[in-house]
Structures are given as structure tokens and as C-alpha cells.
Amino acid sequence: MGAVGIVIGLRPPALDAVVALGAHCDDLAIGAGGTLHTLCAARPGLRVDALVLSGGGTAREEEERAALAAFCPGADLRLTVLTIPDGRLPAHWDEAKDALEDLRARTDPGLVLAPWAGDAHQDHRGLARLVPTAFRDHLALGYEIVKWDGDLGRPSVYQPLTPEAARTKARLLLEHYPSQRHRPWYDAEAFLGLARIRGIECGARYAEGFHTTKLTIDLAGG
Ligand SMILES: [Zn+2]
């Protein structure tokens, strides 16, 4: 067996605004909570425009507001939660598309965090398909959500997490989403287990994995 090294990392030259998209309250935290926390802790004042398509006006929106505030310490966080019914994104396509276009008009992010197009949940998959229609020239990373469907794939991009960041993610998920605790997979073991596996894949202790469909590199540098 060969030696395992650290996988090469790319560092964006500037990152002062991030867009974070979720179909449901808690998607962002499950899929990219460790990345959001790591980003915000390292970049005080980072602008985070978060858009969640469903749960507006319910207890789930309250959970999401408190959770994202904790996941984005020190950030300039702006959260919008829409009222599209869970599982009904295809019938509310225009509303979701308009919300993404409105968001695009308000910010020019260096990074977009969103579901990925291979996700088995139709709301997640639908939102993933909308992303490049509104954010055409942006780096978009598609996060993973562990679920009953067994749709985890092979991510190609990793954000390593320190053990502290991984544990903070699991703790915040358990603290802030009491409405989800009844789900059989909603526990620290699952969150840390997947993060540990993604860590193995990129030469770190823990990580979050992402899918991306397109990016350019500048090999000339300068
Ligand atoms: Zn979801």
C-alpha cells in the first residue's frame, strides 16, 4: 500500500460573499454545516445569503434561523425562507426560479453551496438543476445529504474539517433541529461517520464532500 498524502488544495483568491441554497430547513446544515462554520470562523464579516425554499412561517423557519446563526458565527447572514410545500418543487418551479434570480441580482458570490444533481429527493435535485440557470459563472459546490434512499455518490471536492469543527457540526445539528430528531438517521454517529469517511478520501481526519459540474483553473498563475 502506498503512502497517503494530503490531496492538493485550491484556495480562492478572494471570497467575501457566499450563497447557500437549501430545499428544506436543515439541508444546508447537514450538507455543508461544517464548511459554513469553517468559512465563517476564518473570514469575519463574510456575507452569507441563504435561501431555503420551504418551511417559511413555521416552527421549522425558527429552527433554521437559530441554527444558521450558530453555523455562521460572525457572518453577515441574510436568510430568506420561502413557503413552497415540501415535496412540491416541480409545481412551484417559477417561484423558486424567481427567488434564485432575485438573489443573483443582490449578490455576486465567490461560492454557491447547493444540493447536487444526483440527489434522490426531487426537491433537492430540482434546486440543483436551477442553480446554473441563475449562477452561470460561479463556483457551485453540491453538498450531500445522507438519507434512506442511499444516494451518496463519489464526491470530487472536499473541505477538510478539524475534529473540533466536525464535532461542532454534529452538536449544532442535534441542538437546533428538535423537529428532526425522530428520524432514524438523525444522530451524531451518522454525521461524524460520513465526515470521517470523506476525511479518509481526502487525507484529512474529517471532511465534507461536494460535487461540482464545472470549474476553470489558471495554470499560468500570475
Ligand atoms: Zn431536504
Side-chain angles (χ1 to χ4, degrees), residues 18-37 48-72 77 79-93 95-97 99-100 103 112-135 140-153 155 159 169-170 172-195 198 208-213:
V18 172
V19 159
L21 304 173
H24 313 109
C25 297
D26 83 8
D27 286 355
L28 274 167
I30 293 171
T35 295
L36 277 172
H37 194 274
V48 179
D49 285 272
L51 172 66
V52 176
L53 300 184
S54 66
T58 71
R60 296 210 61 191
E61 176 175 353
E62 293 172 30
E63 285 181 349
E64 186 74 344
R65 289 197 176 279
L68 289 189
F71 273 104
C72 301
L77 173 65
L79 169 63
T80 301
V81 183
L82 303 183
T83 57
I84 295 174
D86 191 341
R88 295 284 182 270
L89 176 55
H92 295 264
W93 195 256
E95 185 181 350
K97 167 81 169 159
L100 257 68
L103 185 54
V112 178
L113 297 168
W116 74 290
D119 194 297
H121 193 303
Q122 66 175 357
D123 292 351
H124 300 175
R125 200 167 58 241
L127 177 54
R129 287 180 180 156
L130 275 174
V131 171
T133 73
F135 295 94
L141 298 182
Y143 53 73
E144 309 180 279
I145 297 186
V146 64
K147 64 173 80 62
W148 172 88
D149 308 75
D151 61 354
L152 295 178
Q159 170 63 52
K169 172 185 177 177
L172 292 178
L173 279 166
L174 296 176
E175 276 179 18
H176 284 285
Y177 296 101
S179 70
Q180 303 305 301
R181 285 184 198 137
H182 66 284
R183 299 186 186 279
W185 50 268
Y186 201 93
D187 60 35
E189 198 172 7
F191 300 133
L192 288 172
L194 179 59
R198 296 316 185 207
E208 283 174 338
F210 298 91
H211 300 263
T212 190
T213 52

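Quick caveat, the model's predicted, so the values are computed rather than measured. Counting convention: from 1, in listed order, for ligands and their atoms alike.
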Requested in this report: Evaluate the criterion side-chain contact (heavy atoms from CB on, under 4.5 Å) for residue pair Y177 and I30; output intermediate values, then yes/no.
Outcome: CA-CA 11 Å; Y177 296 101; I30 293 171; over 6 Å; no
Query raised in the report: Of all N, O or S atoms in H24, which has the smallest distance to the Zn ion (ligand 1)?
Result: ND1
Query raised in the report: Could you walk me through whether E61 and R65 pass the salt bridge (charged side-chain N to carboxylate O under 4.0 Å, His left out) check?
Result: CA-CA 6 Å; E61 176 175 353; R65 289 197 176 279; 3.0 Å; yes
Requested in this report: Please determine if the Zn ion (ligand 1) has an N/O/S atom from D26 lying under 2.8 Å away.
Outcome: no
Requested in this report: Carefully, step by step, assess H24 and D86 under the rule side-chain hydrogen bond (donor to acceptor under 3.5 Å, both in side chains).
Outcome: CA-CA 7 Å; H24 313 109; D86 191 341; 3.0 Å; yes
Requested in this report: Flag H124 as yes if one of its N/O/S atoms falls below 2.8 Å of the Zn ion (ligand 1), otherwise no.
Outcome: yes
Query raised in the report: Is R183 atom CZ crowded by more than 12 heavy atoms from other residues, nucleotides or ligands, each under 6.0 Å away?
Result: yes
